[in-house]
Amino acid sequence: MALIRKINARQILNSRGLPTVEAVVLLENDQQFTASCPTGISRGTREAIELTDKDFARFRGREVNTAIRKINEIIFPVLRGTNPIEQGLIDRKIIDLDGTPNLANLGVNAVLPVSTAVAKAGASVAKQHFFAYLNHYFNELIVELDDYKIDTTEYKHHIPRPAFVLIEGGQHTESNQPFQEFLLIPKVSDNQSFWEQLRIGSETFYNLKDILIERGLPCSYGEEGGFSSPVNTPEEALDLILSAAEKTGFTPYTDFTLGIDAAGAKPSDSLSSHEEIINYYTALKDKYPIELIEDPFPEQDWASWIDFVEMAPEGALIVGDDFTVTNPELVEQAISRSAISGLIIKPNQVGTITDTLRVAKIANYREVKTVVSHRGGDTNDNFIADLAVGVSANFIKCGLTRGERVAKYNRLLEIDAIIGQAS
Ligand code: PGA
Ligand code: ZN
């Protein structure tokens with residue numbers, strides 16, 4: 001049996017040139033499996049805790065030697081000799097070892113890379129493609145909540161629709177744009193391949209670049225590979241993307257829709273009450289083909305979220321990110337109180353593979369649409385592509401340029417080909 005012989009962790013750099021954790025799980029059959037941890041820039045306050053060294057004389061305090069030691073000295077001794085296909089058991093051991101509700105002891109940046117590398121090892125031992133292995137575990141996972149229990153299921157693995165980050169603002173840039181992300185979400189018919197969705201994204205991206213140049217605006221890039229030009233209002237950003245898509249002849253609603261991540265920011269300083277903000281979004285949705293609105297309100301403002309879901313225009317998904325932080329209890333609460341109709345899934349907000357799948361299963365079961373997402377500081381680990389397919393996610397949100405972003409899309413192309421050959 002290929003049991004875990006060793007786990008080695010070390011520091012690597014993320015896409016921002018800052019330290020993060022990479023873990024390598026070595027099996028007794030000499031195979032090894034690697035995973036790394038992304039980092040958010042605009043984080044929800046209730047996300048699991050990331051451990052950084054806080055020695056501000058080095059890497060702005062962001063070295064992660066503490067998390068590395070937790071893996072090598074505390075987690076590995078407990079997992080030595082376990083079978084990597086026992087994902088549930090292994091994740092349980094890690095959670096028990098931590099003993100806090102938000103991984104404050106071990107750190108999510110120690111927990112996630114180990115849990116992910118174990119899952120990759122498990123898929124190999126089970127001789128399954130990683131996405132298929134995750135899908136199998138997802139369906140087998142039994143979720144028990146206070147009011148109900150979700151038994152084994154039969155969700156099919158499927159390729160999500162991409163949501164490309166084309167323009168960035170908020171904390172991701174120096175511009176005055178209040179919103180953090182503007183998304184282009186292609187729409188293709190069932191018989192068209194994932195490649196066609198990438199084509200819609202790529203052609204629109206380069207049309208957008210041409211338009212920015214024509215208008216004398218800088219073509220600088222944000223943290224996620226979208227443009228960070230000084231486009232200071234949401235309307236300007238949406239107009240630009242619309243013009244860029246239409247330049248190739250793509251038609252709103254037929255070939256694409258748009259999305260926004262407000263990251264809890266107000267659309268403009270002139271709006272104060274939540275009625276005004278809801279009216280603003282409703283008017284925006286009337287004017288533009290918007291399908292997805294993420295974090296329209298700050299995370300503590302439950303009343304606004306609930307009102308917005310009730311009054312939201314037809315066809316607009318109201319998506320929780322910082323609001324729900326991939327936390328099973330918060331997600332269940334937000335769904336029960338009708339405060340969201342869509343959900344961002346970021347594994348490093350919660351920690352283990354099992355808990356990530358648990359959240360996705362609650363969302364699927366309760367018919368809330370899911371968006372598996374990259375983070376502002378990401379790595380070349382393409383694991384979220386397999387995750388999105390495995391949990392039958394509706395969307396995957398990621399930038400369309402930069403190596404650490406396209407790694408996810410290129411893996412989806414590979415999965416698309418594997419699924420195509422099998423059918
Ligand atoms: P992040 O933001 O920088 O916290 O990863 C991305 C997002 O909010 O979706
Ligand atoms: Zn967000």
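Ligands are counted one by one from 1 in listed order, and the atoms in each one are counted from 1 as well.
A side-chain donor-acceptor contact under 3.5 Å links D307 and H274. No donor-acceptor contact under 3.5 angstrom links the side chains of T379 and N14, judged on distance only. Using modelled atom types, one finds a donor on one side chain and an acceptor on the other under 3.5 Å when comparing R375 with N348. A donor atom on one side chain and an acceptor atom on the other are not found under 3.5 Å apart for R92 and T352. Side-chain atoms of Q87 and D91 form a donor-acceptor pair, as typed in the model, at a separation below 3.5 Å.
A distance of 6.0 Å or more separates the ring centres of F297 and F323. F205 and F164 have their aromatic ring centers separated by at least 6.0 angstrom.
More than 12 heavy atoms of other residues, nucleotides or ligands sit less than 6.0 Å from atom NE2 of H158.
Protein residues with a heavy atom closer than 4.0 Å to ligand 1 are G40, I41, S42, H172, Q180, E181, E224, D261, E294, D321, K346, R375, G376, K397, listed by chain and number.
The only option from F131, F130, Y133 that meets the ring pair (Phe, Tyr, Trp, His ring centres under 6.0 Å) definition with H157 turns out to be F131.
With a cut-off of 2.8 Å, the protein N/O/S atoms near the Zn ion (ligand 2) add up to 3.
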